[in-house]
Student: 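Got a structure here, written out as structure tokens. Questions coming.
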Amino acid sequence: MVKIDKKTNLELYRQMLTIRYFEEQVDKAYMEGKIHGTGHLYIGMEGVAAGAILALDKKDVITSTHRGHGHCIAKGADTSLMMAELLGKATGYCKGKGGSMHIADINLGNLGANGIVGGGIAIATGAALAIKQQKTGQIVMCFFGDGATNQGVFHESLNMASIWDLPVLYIIENNLYGMGFPVSKAVNIKKLSRRACSYGMEGLTIDGNDAVGIYKTCKKLIKKVREESKPILLECLSYRYKGHSRMDAERYRTKKEIEKWKSKDSIIRHKKYLLDNKVATKEEIRAMEDSVKKTIEKAREFALSSPYPDKGQALEDVYAKIN
């Protein structure tokens with residue numbers, strides 16, 4: 001049985017708050033016209049990234065998605081550098097050239113977000129193969145959405161990971177919609193995790209709004225993947241409160257449906273868990289909330305005050321240098 005101590009419980013709450021407050025500031029910056037292009041907010045799904053990634057060892061690596069801010073933050077990314085990147089500033093992770101869907105930090109074990117649906121699945125599988133060959137003892141945690149499970153790369157990668165016994169935990173973030181198309185109309189099975197049986201691997205589906213449950217489940221699965229060097233498919237059922245992207249008119253769902261899911265909010269649930277189980281006091285929780293808000297406010301200030309890249313640097317870091 002996986003035990004979860006006070007420190008871990010509080011860190012779960014801090015991570016979810018950081019993701020939520022960061023995304024709210026990003027949403028505000030979009031509305032103010034300070035961020036150009038598109039973006040995909042993680043609001044409502046914080047429990048998945050926080051619970052899953054906190055269960056990893058620091059040496060382990062992840063691959064992310066087009067909706068990747070939550071994964072980046074949970075893996076330890078600097079929110080000031082992230083915000084600067086989204087605003088196109090020279091101080092950002094990609095010097096302002098990558099934007100929302102291309103944040104990565106190899107030193108933290110974050111192999112990057114990806115603008116291609118399912119694009120991170122093949123990268124994760126390749127990384128797992130390298131890890132196995134090099135015998136580093138790491139595992140890969142690969143995030144992707146429900147829509148990506150209908151991509152060929154999903155099936156090819158899981159098949160390869162299975163026959164080669166690769167140390168990768170594949171995580172489906174099922175938020176019920178592939179852009180605006182209901183998963184119920186795209187797949188004729190109730191649980192996407194059942195697809196695991198086609199490749200002779202274990203698959204299971206859990207509540208994606210239960211941060212504690214996700215952490216405990218991932219701890220068990222990570223241990224199994226690491227010790228047995230076999231892939232596992234985990235489906236987390238959650239929901240995004242905002243549209244697929246900032247261009248989304250959201251005509252495919254009702255306000256009633258959104259409010260129903262908001263009543264299951266992972267942050268509210270975990271706060272209640274902390275109080276009901278006397279893990280933390282109201283004062284401790286309030287202090288954490290204030291601290292996280294200040295951190296994100298500083299990230300916004302840093303990004304706004306940072307310079308834009310010099311035009312002369314437009315082609316730097318674009319082409320690979322061949323010696």
Side-chain angles (χ1 to χ4, degrees), residues 42 48-78 82 93-94 98 100-149 151-173 193 195-196 199-203 214 217-236 317 320:
Y42 201 70
V48 182
I53 294 175
L54 189 59
L56 289 170
D57 288 349
K58 283 191 176 181
K59 66 180 181 180
D60 296 325
V61 301
I62 68 165
T63 61
S64 185
T65 70
H66 58 281
R67 199 179 309 283
H69 304 162
H71 309 136
C72 293
I73 290 171
K75 199 66 172 76
D78 187 317
M82 286 181 65
Y93 266 108
C94 304
S100 172
M101 293 185 282
H102 301 94
I103 296 173
D105 193 327
I106 305 302
N107 293 327
L108 290 173
N110 178 3
L111 302 185
N114 203 304
I116 299 172
V117 175
I121 303 175
I123 294 171
T125 307
L129 176 60
I131 284 169
K132 181 163 186 175
Q133 291 179 334
Q134 294 168 14
K135 300 179 181 179
T136 63
Q138 299 163 284
I139 76 154
V140 184
M141 181 173 280
C142 174
F143 293 94
F144 49 94
D146 47 271
T149 64
Q151 287 277 15
V153 69
F154 167 83
H155 300 280
E156 293 178 44
S157 294
L158 266 67
N159 186 57
M160 291 168 68
S162 178
I163 60 176
W164 290 342
D165 292 329
L166 301 183
V168 53
L169 176 57
Y170 295 103
I171 298 182
I172 307 169
E173 295 186 301
S193 62
R195 287 187 156 171
Y199 306 104
M201 69 172 69
E202 180 181 349
I214 294 167
T217 298
C218 285
K219 267 294 182 186
K220 292 178 186 176
L221 299 183
I222 288 166
K223 185 175 185 291
K224 193 169 185 178
V225 168
R226 199 185 310 278
E227 291 178 351
E228 299 180 9
S229 188
K230 288 183 181 294
I232 294 175
L233 179 64
L234 173 66
E235 177 185 19
C236 297
D317 306 312

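All residue numbers in this chain count up from 1 along the given sequence.
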Student: Looking at residues at least two apart in the chain, or sitting in another chain, which of them share a side-chain hydrogen bond (donor to acceptor under 3.5 Å, both in side chains) with Asp57?
Tutor: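 side-chain hydrogen bond (donor to acceptor under 3.5 Å, both in side chains) check on Asp57 returns Arg226.
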Student: To the nearest 0.5 Å, what is the distance between CD1 on Ile62 and CG on Asn110?
Tutor: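 The CG atom of Asn110 is 4.0 Å from CD1 of Ile62, to the nearest 0.5 Å.
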Student: Which pairs with one or both residues in residues 120-145 pass ring pair (Phe, Tyr, Trp, His ring centres under 6.0 Å), sequence neighbours excluded?
Tutor: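 Non-adjacent pairs meeting ring pair (Phe, Tyr, Trp, His ring centres under 6.0 Å): His71-Phe143, Phe144-Phe154.
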Student: If every non-hydrogen atom of Leu169 is compared with every non-hydrogen atom of Leu221, which pair is closest and at what distance?
Tutor: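 Leu169 and Leu221 have their closest heavy atoms at CD1-CD1, 4.1 Å.
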Student: Partners of Ile123 by side-chain contact (heavy atoms from CB on, under 4.5 Å), sequence neighbours excluded?
Tutor: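 Only Thr63, Leu111, Asn114 meet the side-chain contact (heavy atoms from CB on, under 4.5 Å) criterion with Ile123.
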Student: Just to verify, what does Glu228 make a side-chain contact (heavy atoms from CB on, under 4.5 Å) with, not counting sequence neighbours?
Tutor: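 Scan of Glu228 (side-chain contact (heavy atoms from CB on, under 4.5 Å), adjacent residues dropped) gives Lys224, Lys230.
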Student: List the atom of Ile121, the atom of Ala148, and the distance in Å for their closest heavy-atom pair.
Tutor: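 Distance-wise, the nearest heavy atoms are CD1-CB, 4.2 Å.
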Student: Determine, step by step, whether Ile73 and Met82 satisfy the side-chain contact (heavy atoms from CB on, under 4.5 Å) criterion, reporting the C-alpha distance in whole Å, the side-chain angles of both residues, the deciding distance to 0.1 Å, and the verdict.
Tutor: CA-CA 9 Å; Ile73 290 171; Met82 286 181 65; 3.6 Å; yes
Student: Distance from Lys220 atom NZ to Leu234 atom CG, nearest 0.5 Å?
Tutor: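 The CG atom of Leu234 is 12.0 Å from NZ of Lys220, to the nearest 0.5 Å.
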Student: Quick one: list whatever passes side-chain contact (heavy atoms from CB on, under 4.5 Å) with Ile131, sequence neighbours left out.
Tutor: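 Ile131 satisfies side-chain contact (heavy atoms from CB on, under 4.5 Å) with Val61, Thr136, Gln138, Val140, Pro167 only.
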Student: With sequence neighbours excluded, what pairs up with Lys223 under the side-chain contact (heavy atoms from CB on, under 4.5 Å) test?
Tutor: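 If we apply the side-chain contact (heavy atoms from CB on, under 4.5 Å) test to Lys223, skipping adjacent residues, the hits are Glu227.
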Student: Residues in side-chain hydrogen bond (donor to acceptor under 3.5 Å, both in side chains) with Ser157, at least two apart?
Tutor: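 None.
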Student: Side-chain contact test, heavy atoms from C-beta onward, threshold under 4.5 Å: evaluate it for Pro231 versus Leu158 and give yes or no.
Tutor: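 No - every pair of side-chain heavy atoms lies 4.5 Å or more apart.
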Student: Going from SG on Cys142 to CG on Leu233, what distance comes out if it is rounded to the nearest 0.5 angstrom?
Tutor: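 One gets 10.0 Å once the value is rounded to the nearest 0.5 Å.
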Student: So, Lys75 side chain and Ile53 main chain: donor-acceptor pair closer than 3.5 Å or not?
Tutor: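 Checked: no pair found.
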Student: List for me each residue that meets side-chain hydrogen bond (donor to acceptor under 3.5 Å, both in side chains) alongside Gln151, sequence neighbours excluded, and say none if there are none.
Tutor: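 Applying side-chain hydrogen bond (donor to acceptor under 3.5 Å, both in side chains) to Gln151 gives none.
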Student: Find the distance between OG (Ser162) and CD1 (Ile232) and round it off to the nearest 0.5 Å.
Tutor: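 Taking OG in Ser162 and CD1 in Ile232, the distance rounds to 11.5 Å.
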Student: Please enumerate all residues that pass ring-ring contact (aromatic ring centres under 6.0 Å, His included) together with Tyr93, with sequence neighbours excluded.
Tutor: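 Result, ring-ring contact (aromatic ring centres under 6.0 Å, His included) vs Tyr93: none returned.
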Student: Once you round to the nearest 0.5 Å, how far does NE2 of His69 lie from CD1 of Ile103?
Tutor: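 Here the rounded value is 5.0 Å.
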Student: Using the ring-ring contact (aromatic ring centres under 6.0 Å, His included) criterion, which residues pair with His102? Sequence neighbours excluded.
Tutor: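 In terms of ring-ring contact (aromatic ring centres under 6.0 Å, His included), with neighbours along the sequence ignored, His102 is linked to no residue.
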Student: Enter the distance from Glu173:CD to Ser64:OG here, rounded to the nearest 0.5 Å.
Tutor: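 It is 7.5 Å, given to the nearest 0.5 Å.
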Student: Restricting to non-hydrogen atoms, name the atom on Val225 and the atom on Ile139 that form the minimum distance, rounded to 0.1 Å.
Tutor: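 Nearest pair, atom of Val225 first, then Ile139: CG1-CG2, 4.0 Å.
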Student: Evaluate the side-chain proximity of Leu166 to Met160: yes if any heavy-atom separation is below 4.5 Å, no if none is.
Tutor: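 They are not in contact (no side-chain heavy atoms under 4.5 Å apart), so the answer is no.
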Student: Do any pairs count as a side chain to side chain donor-acceptor pair (under 3.5 Å) and have a residue in residues 115-132, sequence neighbours left out, and if so which ones?
Tutor: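 Side chain to side chain donor-acceptor pair (under 3.5 Å) check on residues 115-132 returns Thr125-Tyr170.
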Student: Check Ile171 against Cys236 and note the closest heavy-atom contact, atom names and distance.
Tutor: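 Nearest pair, atom of Ile171 first, then Cys236: CG2-SG, 4.0 Å.
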Student: How would you list, by chain and number, every residue that makes a side-chain hydrogen bond (donor to acceptor under 3.5 Å, both in side chains) with Thr65, sequence neighbours excluded?
Tutor: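 So Thr65 forms no side-chain hydrogen bond (donor to acceptor under 3.5 Å, both in side chains) with any residue.
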